J.: 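Sharing a structure, written as structure tokens. Questions coming.
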Amino acid sequence: RPHPAGWSRCLPSEARTKGAGEWNHYRVTCLDGTISLEVNGGKVSGGYDINPRKGYICLEAEGSPADFRNLLVKELPSSNSPLAEVANDAVGFTTLFNGLDLEGWRSDGGETDAWTVKGGRIVHDGSAGNLWTTESYGDMVLMVDWRWAGPSQGRRMRPIIGADGVRTGEEVEIEE
């Protein structure tokens with residue numbers, strides 16, 4: 001779905017993210033210049049003619065505290081390969097997060113305290129800054145579970161963040 005402002009980004013076809021305190025499962029598949037995003041088991045967006053086809057992976061929290069866990073990546077063969085290969089869950093994947101520290105990751109803006117490791121999870125405190133892998137990846141599938149974290153205070157307004165990671169400007173009331 002094209003962006004109404006004409007931007008070079010795709011809007012999600014449906015809202016599939018879960019509420020605060022629940023884990024969301026993302027599966028990002030990048031292959032030969034085509035990218036698709038599945039959120040909690042359903043394809044919601046994608047793009048084509050993606051260039052460059054190899055690069056870093058960035059995690060973004062859009063100003064809200066977020067936890068990340070079970071980050072896995074599997075480099076895929078070119079689709080021109082005579083062998084059909086399917087990425088099933090974690091079989092053949094490379095773990096990007098060791099559960100102990102941020103080895104293999106870097107912050108882009110010097111916000112060294114914004115990203116931490118707690119209880120085997122990558123935690124973002126909601127302040128500025130992105131987290132990037134130190135390695136570059138080409139055609140790949142990225143699987144990640146994430147959730148909003150924070151104090152349980154009954155019902156509260158949370159921003160709607162699209163599958164492309166961009167805050168839509170709308171908010172939804174969530175029971176925490």
Side-chain angles (χ1 to χ4, degrees), residues 1-31 34-48 50 55-74 87-90 93 95-97 99 102 105 107-109 111 114-133 137 140-176:
R1 294 180 21 188
H3 195 281
W7 299 349
S8 297
R9 58 181 0 157
C10 175
L11 293 177
S13 58
E14 62 180 303
R16 297 190 54 87
T17 56
K18 298 175 185 176
E22 295 185 68
W23 287 103
N24 291 280
H25 181 83
Y26 275 27
R27 182 180 183 127
V28 180
T29 304
C30 305
L31 184 61
T34 300
I35 188 169
S36 67
L37 172 64
E38 295 174 39
V39 178
N40 298 320
K43 183 176 177 183
V44 297
S45 65
Y48 57 91
I50 307 299
Y56 296 96
I57 297 169
C58 175
L59 301 178
E60 208 172 42
E62 294 295 328
S64 296
D67 296 345
F68 297 86
R69 69 175 188 179
N70 300 333
L71 294 150
L72 305 166
V73 66
K74 178 181 182 180
N88 295 320
D89 291 330
F93 279 74
T95 300
L96 295 178
F97 173 53
L102 293 174
W105 295 90
S107 176
D108 65 355
E111 302 85 1
W115 295 92
T116 58
V117 175
K118 295 179 184 169
R121 302 177 309 202
I122 298 173
V123 178
H124 187 263
D125 66 7
S127 64
N130 298 320
L131 191 65
W132 294 83
T133 59
Y137 296 92
M140 53 89 182
V141 171
L142 173 68
M143 294 191 320
V144 60
D145 292 327
W146 69 274
R147 70 176 176 171
W148 272 314
S152 180
Q153 300 174 350
R155 300 184 70 77
R156 73 190 270 198
M157 300 302 287
R158 289 286 191 167
I160 296 175
I161 300 174
D164 59 1
V166 174
R167 186 184 296 229
T168 66
E170 301 175 58
E171 291 190 343
V172 64
E173 192 171 11
I174 304 258
E175 179 75 38
E176 292 185 341

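These numbers come from the heavy atoms of this one structure, side chains and all, not from hydrogens, waters or symmetry mates. For clarity, every value in this text was computed on a predicted model and none was experimentally measured.
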J.: Less than 4.5 Å apart, side chain to side chain, heavy atoms only: is that true for Pro65 and Asp125?
T.: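 They are not in contact (no side-chain heavy atoms under 4.5 Å apart), so the answer is no.
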J.: Could you please spell out the steps behind the side chain to side chain contact (heavy atoms under 4.5 Å, CB included) verdict for Phe68 and Tyr26?
T.: CA-CA 11 Å; Phe68 297 86; Tyr26 275 27; over 6 Å; no
J.: Could you state the interatomic distance from NE2 (His25) to CD (Glu38), rounded to the nearest 0.5 Å?
T.: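 It is 7.5 Å, given to the nearest 0.5 Å.
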J.: Given side chain to side chain contact (heavy atoms under 4.5 Å, CB included), test Leu131 with His124 step by step and report yes or no.
T.: CA-CA 9 Å; Leu131 191 65; His124 187 263; over 6 Å; no
J.: Can you name the closest pair of heavy atoms from Phe97 and Gly120 and give their distance?
T.: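 That closest heavy-atom pairing would be CE2-O, 3.1 Å.
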J.: State, to 0.1 Å, how close Asn24 and Arg16 come at their nearest heavy-atom pair, and which atoms those are.
T.: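 Closest approach of Asn24 to Arg16, heavy atoms only: OD1-O, 4.3 Å.
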J.: Testing Leu142, Leu72, Ile122 for side-chain contact (heavy atoms from CB on, under 4.5 Å) with Leu96, which one passes?
T.: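 The passing option is Leu142.
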J.: For Trp105, what residues pass the side chain to side chain donor-acceptor pair (under 3.5 Å) criterion, not counting sequence neighbours?
T.: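 For Trp105 there are no side chain to side chain donor-acceptor pair (under 3.5 Å) partners, ignoring immediate neighbours.
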J.: Any non-hydrogen side-chain atom of Asp67 less than 4.5 Å from a side-chain atom of Arg69?
T.: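 No, too far: nothing below the 4.5 Å cut-off.
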J.: What closest approach, in Å, do Ser45 and Pro12 show between heavy atoms, and which atom pair accounts for it?
T.: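 Heavy-atom minimum between the residues: CB-CA, 4.1 Å.
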J.: Evaluate the criterion side chain to side chain contact (heavy atoms under 4.5 Å, CB included) for residue pair Leu71 and Leu59; output intermediate values, then yes/no.
T.: CA-CA 11 Å; Leu71 294 150; Leu59 301 178; 4.3 Å; yes
J.: Closest heavy-atom contact between Asn40 and Thr17?
T.: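 Looking at all heavy atoms of both residues, the closest pair is ND2-CA, 3.9 Å.
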